[in-house]
Amino acid sequence: MQISPVGYVRSPYKQKFAIPRQPGLVGEAVGEIIFAESCANPNCLREIEQFSHLWILFQFHETAEKGWAPTVQPPRLGGRKKVGVFASRSTFRPNGIGLSVVTNRGWFQQGGELILRVGGIDLLDETPIIDIKPYLPYADCIEDAAAGYAEAVPGENYSVIFTPDAEQFLTSVLAEYPELRELITGVLKQDPRPAWRKKPKDEKTYGMELFDINIKWRIDKEEITVFQIEKTEN
Ligand code: SAH
């Protein structure tokens with residue numbers, strides 16, 4: 001089997017840490033799929049605007065070299081209990097292929113490139129896209145589906161607050177990043193800490209990068225305080 005990507009994603013997520021663990025959890029995370037030359041033909045997208053949501057298949061390129069094991073320890077289960085790789089959405093799988101449902105935000109052409117905008121992504125910057133298909137409610141939406149250990153929607157118990165300094169930065173970049181506050185809030189509500197770090201008392205300072213911006217926060221039980229936001233140096 002030989003696969004060549006149909007395109008690559010441009011994403012605000014520049015590092016694995018803090019990317020939500022599934023799509024749709026942070027709707028403000030918008031990415032752009034830049035089509036490879038072989039697929040950079042608007043005919044490939046004809047009538048795609050009829051679909052509000054799309055499935056994206058992609059390669060977990062960042063972790064591809066790390067291989068896989070028959071069992072994984074999902075963060076949901078506190079990183080302790082093991083489940084089978086095929087009973088999980090772990091990135092460490094035999095063929096390293098990811099699957100995400102995203103919102104269709106339309107396509108355009110710019111500087112000779114064909115670009116499709118997609119929302120609610122959980123993809124790292126530069127992820128190779130293998131395929132795109134329309135989401136079909138009649139086939140893909142199963143109202144009474146059971147999801148065992150992954151039943152609950154994550155992140156609902158957390159609140160995120162910004163210090164005056166952080167607020168000031170947000171205001172200063174509002175024109176360039178109008179949804180930055182919502183993006184940061186959505187991402188942090190997911191509590192990106194690894195499972196083993198989730199202790200009631202946590203004095204560590206955490207940092208993450210979104211676009212070209214560094215964000216620092218602390219967490220006290222379920223209250224997250226963003227105290228510094230600044231542009232990265234390079
Ligand atoms: N919705 C997908 C992904 C689930 S795993 C699926 O179910 O198949 C989600 C994690 O994948 C994210 O938290 C992020 O850290 C990781 N990820 C996203 N893009 C990646 C990439 N290109 N390479 C490796 N890991 C990636």
Side-chain angles (χ1 to χ4, degrees), residues 9-33 53 56 58 60-63 74-76 78-79 89-91 98-103 105 117-127 129 150 152-199 202-233:
V9 82
R10 242 186 330 236
S11 163
Y13 299 125
K14 307 295 178 195
Q15 46 176 214
K16 267 197 68 191
F17 177 62
I19 302 182
R21 298 200 168 95
Q22 282 306 335
L25 295 168
V26 184
E28 293 82 9
V30 177
E32 290 179 342
I33 297 172
H53 292 76
I56 292 188
F58 59 96
F60 290 120
H61 75 299
E62 185 94 343
T63 46
R76 287 251 183 197
R89 302 282 286 253
S90 165
T91 56
L99 172 72
S100 293
V101 68
V102 297
T103 56
R105 296 218 175 189
R117 208 171 256 148
V118 286
I121 59 168
D122 57 349
L123 310 185
L124 185 65
D125 196 35
E126 297 182 0
T127 294
I129 305 299
V153 182
E156 294 194 320
N157 301 327
Y158 289 84
S159 60
V160 179
I161 56 174
F162 295 80
T163 62
D165 276 358
E167 289 287 0
Q168 202 181 352
F169 180 92
L170 288 176
T171 309
S172 73
V173 294
L174 204 59
E176 197 181 352
Y177 300 111
E179 290 189 309
L180 185 59
R181 170 190 256 280
E182 290 74 16
L183 179 62
I184 295 173
T185 303
V187 167
L188 293 186
K189 274 191 169 191
Q190 299 299 312
D191 189 354
R193 294 177 298 169
W196 61 270
R197 269 236 154 244
K198 294 186 187 178
K199 290 173 272 184
D202 186 347
E203 276 159 13
K204 192 175 147 66
T205 289
Y206 292 90
M208 68 172 173
E209 215 178 308
L210 295 173
F211 304 105
D212 56 343
I213 294 166
N214 263 320
I215 297 125
K216 293 207 168 117
W217 78 89
R218 288 189 211 97
I219 180 160
D220 182 18
K221 296 188 191 80
E222 281 163 356
E223 187 175 280
I224 297 169
T225 306
V226 179
F227 64 92
Q228 192 184 70
I229 316 179
E230 54 188 19
K231 289 239 175 177
T232 52
E233 307 270 293

query = If every non-hydrogen atom of F17 is compared with every non-hydrogen atom of P194, which pair is closest and at what distance?
reply = CE1-CD, 4.4 Å
inquiry  = Once rounded to the nearest 0.5 Å, what's the spacing between atom OG1 of T185 and atom CD1 of I224?
reply    = 9.5 Å
request  = Would you give the length of the straight line joining atom CG of L174 to atom CD of E179, rounded to the nearest 0.5 angstrom?
outcome  = 10.5 Å
ask   = At what distance, to the nearest 0.5 angstrom, does CZ of F60 lie from OG1 of T127?
value = 9.0 Å
query = Quick one: side chain to side chain donor-acceptor pair (under 3.5 Å) partners of R218, sequence neighbours excluded?
reply = none
inquiry  = Testing the basics here: between S11 and L124, what is the closest heavy-atom pair and its distance to 0.1 Å?
reply    = CB-C, 3.9 Å
request  = Apply side-chain contact (heavy atoms from CB on, under 4.5 Å) to the pair F169 and K231, showing each step before the final yes or no.
outcome  = CA-CA 9 Å; F169 180 92; K231 289 239 175 177; 4.1 Å; yes
request  = Could you tell me whether R181 and E28 have a side-chain N and a carboxylate O separated by less than 4.0 Å?
outcome  = no
query = Should R193 and D202 count as side-chain neighbours, where that means a heavy-atom distance under 4.5 Å?
reply = yes
request  = Would you indicate whether E203, at its atom CD, is surrounded by more than 12 heavy atoms from other residues, nucleotides or ligands within a distance under 6.0 Å?
outcome  = no
key: Residue that, paired with I229, satisfies side-chain contact (heavy atoms from CB on, under 4.5 Å) out of I184, T163, D165   = I184
key: R105 side-chain N/O to G31 backbone N/O, donor-acceptor pair under 3.5 Å   = no
ask   = Taking only residues two or more places apart in sequence, or in another chain, which ones meet S100 in a side chain to side chain donor-acceptor pair (under 3.5 Å)?
value = D122
inquiry  = Can you tell me how far apart NZ (K189) and CG (N157) are? Round to the nearest 0.5 Å.
reply    = 9.5 Å
ask   = At what distance, to the nearest 0.5 angstrom, does OG1 of T91 lie from CZ of R89?
value = 12.5 Å
ask   = Any idea which heavy atoms bring P75 and A195 closest together, and the distance?
value = O-CB, 4.0 Å
key: For the student: nearest non-hydrogen atoms of W217 and M208, plus distance   = CZ3-CG, 3.5 Å
request  = Might you point out which heavy atoms bring D125 and V9 nearest each other, and give the distance in Å?
outcome  = OD1-O, 3.7 Å
Main-chain N/O of E209 paired to Q15 side chain as donor or acceptor, under 3.5 Å = yes
inquiry  = I want to check something: taking the side chain as every heavy atom from C-beta on, are R21 and P154 in contact at a cut-off of under 4.5 Å?
reply    = no
request  = Kindly check if the number of other-residue, nucleotide or ligand heavy atoms within 6.0 Å of NZ (K14) is above 12?
outcome  = yes
query = Is there a side-chain contact (heavy atoms from CB on, under 4.5 Å) between L210 and Y13 once you walk through the steps?
reply = CA-CA 5 Å; L210 295 173; Y13 299 125; 3.6 Å; yes
query = So Y206 and L188, side-chain contact (heavy atoms from CB on, under 4.5 Å) or not? Walk me through it.
reply = CA-CA 11 Å; Y206 292 90; L188 293 186; over 6 Å; no
message = With a 6.0 Å cut-off (strictly less than), is the heavy-atom count around CD of E126, excluding the residue itself, greater than 12?
response = no
task = Return the minimal non-hydrogen interatomic distance between F58 and I56, and the atom names on each side.
result = CD2-O, 3.9 Å
note = Output for pair (I213 CD1, E176 CD), nearest 0.5 Å, gives 6.5 Å
ask   = Given E167 and L170, is the side-chain contact (heavy atoms from CB on, under 4.5 Å) satisfied, shown in steps?
value = CA-CA 5 Å; E167 289 287 0; L170 288 176; 4.2 Å; yes
